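None of the values given here were measured: they were computed from a predicted structure. Quick note on labels: first sequence line is chain A, next is B, and so on, each numbered from 1. Computation of the quantities below employed the complete heavy-atom set of this structure, encompassing side-chain atoms and omitting hydrogens, waters and symmetry-equivalent molecules.
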Protein chains: 2
Amino acid sequence: MGHNYSSKREAIFKTIASTKSHPSAAWVYEQLKEEIPNLSLGTVYRNIALFKEQGRIITVANVDGEERIDADTSDHAHFVCEKCHRVFDLHSSEQSPLEKELSRNGFIINRKNVVFHGECRDCCESIN
Amino acid sequence: MGHNYSSKREAIFKTIASTKSHPSAAWVYEQLKEEIPNLSLGTVYRNIALFKEQGRIITVANVDGEERIDADTSDHAHFVCEKCHRVFDLHSSEQSPLEKELSRNGFIINRKNVVFHGECRDCCESIN
DNA sequence: TTGAAAATCAGTAATCATTACTGTTTTCTG
DNA sequence: CAGAAAACAGTAATGATTACTGATTTTCAA
């Protein structure tokens with residue numbers, strides 16, 4: 001089902017994949033509006049939903065009511081700054097004992113989501 | 001600011017604190033509607049926001065667009081079943097090396113949110 | 001106790017991210 | 001190319017959450 005190609009779909013994925021900003025749908029739309037003036041926000045949402053189904057992107061966190069996504073689907077955690085609202089990557093090597101216990105108890109883990117909230121270094125250092 | 005008492009506020013907190021279901025605002029409202037027929041959903045939302053400010057409850061996850069809360073503010077993780085939408089508590093003793101690294105790098109952690117998504121044992125066992 | 005002042009509330013309207021709908025345009029396949 | 005399928009733009013609808021306004025509770029000093 002689905003021919004699975006369209007120029008807009010490709011542009012949307014490229015935009016998501018080429019940033020480490022963990023963007024929202026609105027951000028992706030804003031980025032592409034210049035390049036593709038007749039792009040529709042609905043198309044961005046529709047394709048984001050498709051990419052998630054396909055496992056090409058993941059949902060990272062919900063920041064101020066907006067869903068933030070990531071084309072880096074490798075197992076890693078995130079830090080959300082409550083001041084500047086940026087999202088940072090946290091790559092770790094450790095394996096959680098919780099996961100083993102869940103598996104032992106008959107739970108199937110499809111994905112895990114580890115998010116720290118606080119203030120990033122930049123915001124800690126600024127006087128505001 | 002705020003005398004910080006009202007019978008409805010108390011009832012709302014009791015309802016949240018007396019369940020392990022990690023409820024949504026709508027669920028709390030539904031529970032109390034019998035007991036307090038003239039309760040307003042806005043009041044539930046307003047008080048949830050207040051409890052969060054006061055640190056008496058935390059946000060656990062966003063399940064199908066609804067924010068789910070928890071009066072257990074102790075450090076623990078959660079498992080969200082993608083089939084039955086129940087939220088399970090996962091208490092662990094381990095300390096994450098990520099936290100230490102964040103502190104070392106000048107980040108302030110206000111809270112952490114660890115959520116596993118998948119299928120719970122009950123849903124795995126059912127034939128559906 | 002009482003009776004304003006302050007806080008909270010009910011009810012409703014507004015907001016805002018996301019989703020659905022409809023007629024048009026793009027893409028695919030032969 | 002031509003027809004069918006998929007994707008799209010533009011707009012309307014949805015649904016959770018928030019804001020507003022006039023009424024009701026709560027507080028607390030007299």
Side-chain angles (χ1 to χ4, degrees), chain A residues 1-16 21-54 56-70 80 82 85 87 115, chain B residues 1-16 21-54 56-70 80 82 85 87 115:
Chain A
M1 75 182 63
H3 297 156
N4 207 24
Y5 172 82
S6 84
S7 58
K8 288 172 185 175
R9 176 166 300 155
E10 193 177 2
I12 290 166
F13 187 77
K14 272 188 184 165
T15 300
I16 297 169
S21 70
H22 309 82
S24 64
W27 186 92
V28 174
Y29 175 66
E30 288 301 319
Q31 296 301 306
L32 285 170
K33 219 167 43 176
E34 286 176 46
E35 184 185 330
I36 309 173
N38 74 333
L39 181 67
S40 175
L41 181 56
T43 297
V44 175
Y45 274 107
R46 188 164 5 88
N47 279 286
I48 285 176
L50 178 66
F51 299 150
K52 281 200 275 189
E53 268 178 42
Q54 296 174 331
R56 300 173 72 194
I57 65 173
I58 55 173
T59 298
V60 158
N62 194 294
V63 180
D64 292 314
E66 275 189 320
E67 191 165 291
R68 304 280 286 260
I69 57 176
D70 194 346
V80 177
E82 289 168 344
H85 300 175
V87 180
V115 184
Chain B
M1 73 182 62
H3 296 158
N4 205 24
Y5 172 82
S6 84
S7 57
K8 288 172 184 174
R9 175 167 301 155
E10 192 177 3
I12 290 166
F13 188 77
K14 272 188 185 167
T15 299
I16 298 168
S21 70
H22 309 83
S24 64
W27 186 91
V28 174
Y29 175 66
E30 288 302 320
Q31 295 301 306
L32 285 170
K33 218 166 47 175
E34 286 176 45
E35 185 186 329
I36 309 173
N38 74 332
L39 181 67
S40 175
L41 181 56
T43 297
V44 175
Y45 274 107
R46 186 165 6 87
N47 280 287
I48 285 176
L50 177 67
F51 298 150
K52 281 201 275 190
E53 269 177 42
Q54 296 173 333
R56 301 172 72 193
I57 67 173
I58 56 173
T59 297
V60 159
N62 195 295
V63 180
D64 293 314
E66 274 189 320
E67 190 165 291
R68 304 279 287 259
I69 56 176
D70 195 347
V80 177
E82 289 168 344
H85 299 173
V87 180
V115 184

Nearest atoms (heavy-atom pairs only) where B:H22 meets B:V87: ND1-O, 3.1 Å
Under 3.5 Å, is there a donor on one side chain and an acceptor on the other for B:Q54 and B:N4? yes
Does B:Y45 make a side-chain N or O approach to OP1 or OP2 of D:dT17 shorter than 4.0 Å? yes
Rounded to the nearest angstrom, tell me the gap between atom CG in A:N47 and atom C1' in D:dA6. 11 Å
Here the distance between atom P of C:dT12 and atom CG of B:L41, to the nearest Å, is 13 Å
A:T43 vs B:G42, nearer the 5' end of DNA chain D by closest nucleotide: A:T43
If you assign each of A:L50 and A:P37 to its closest nucleotide in DNA chain D, which residue comes earlier from the 5' end? A:L50
For A:S24, answer base if it contacts any base atom (sugar-phosphate contacts may also be present), sugar-phosphate if it contacts only those atoms, and nothing otherwise; contact means non-hydrogen atoms under 4.0 Å. nothing
What is the distance, rounded to the nearest whole Å, between atom CG of B:N4 and atom C1' of C:dC9? 15 Å
Specify the separation, in whole Å, of atom CG of A:D64 and atom C1' of C:dT15. 15 Å
Round to the nearest Å and state the distance from B:N38 atom CG to C:dT12 atom P. 13 Å
B:S40 side-chain proximity, nearest of C:dC9, D:dA9, C:dG11: C:dG11
May I have the distance from A:N62 (atom CG) to D:dA16 (atom P), rounded to whole angstrom? 14 Å
For atom CZ of A:R46 and atom P of C:dC21, their distance in whole Å: 13 Å
Determine, step by step, whether B:I16 and B:I48 satisfy the side-chain contact (heavy atoms from CB on, under 4.5 Å) criterion, reporting the C-alpha distance in whole Å, the side-chain angles of both residues, the deciding distance to 0.1 Å, and the verdict. CA-CA 9 Å; B:I16 298 168; B:I48 285 176; 4.1 Å; yes
What are the two closest non-hydrogen atoms of B:A61 and B:V80, and how far apart are they? CB-CG2, 4.3 Å
When you check the phosphate oxygens OP1 and OP2 of D:dC8, does a side-chain N or O of A:S6 lie under 4.0 Å from one of them? yes
Let me know the distance between CD1 of B:I48 and C1' of C:dC9, rounded to the nearest Å. 16 Å
Give a yes/no answer on whether the side chain of B:S7 brings an N or O atom under 4.0 Å of OP1 or OP2 in D:dT25. no
A:K52 with A:E67: basic N within carboxylate O range, under 4.0 Å: yes
Look at A:K8 and C:dT25 and indicate whether a side-chain polar atom (N or O) is within less than 4.0 Å of OP1 or OP2. no
OP1 or OP2 of C:dT27 less than 4.0 angstrom from a side-chain nitrogen or oxygen of A:R9, does that happen here? no
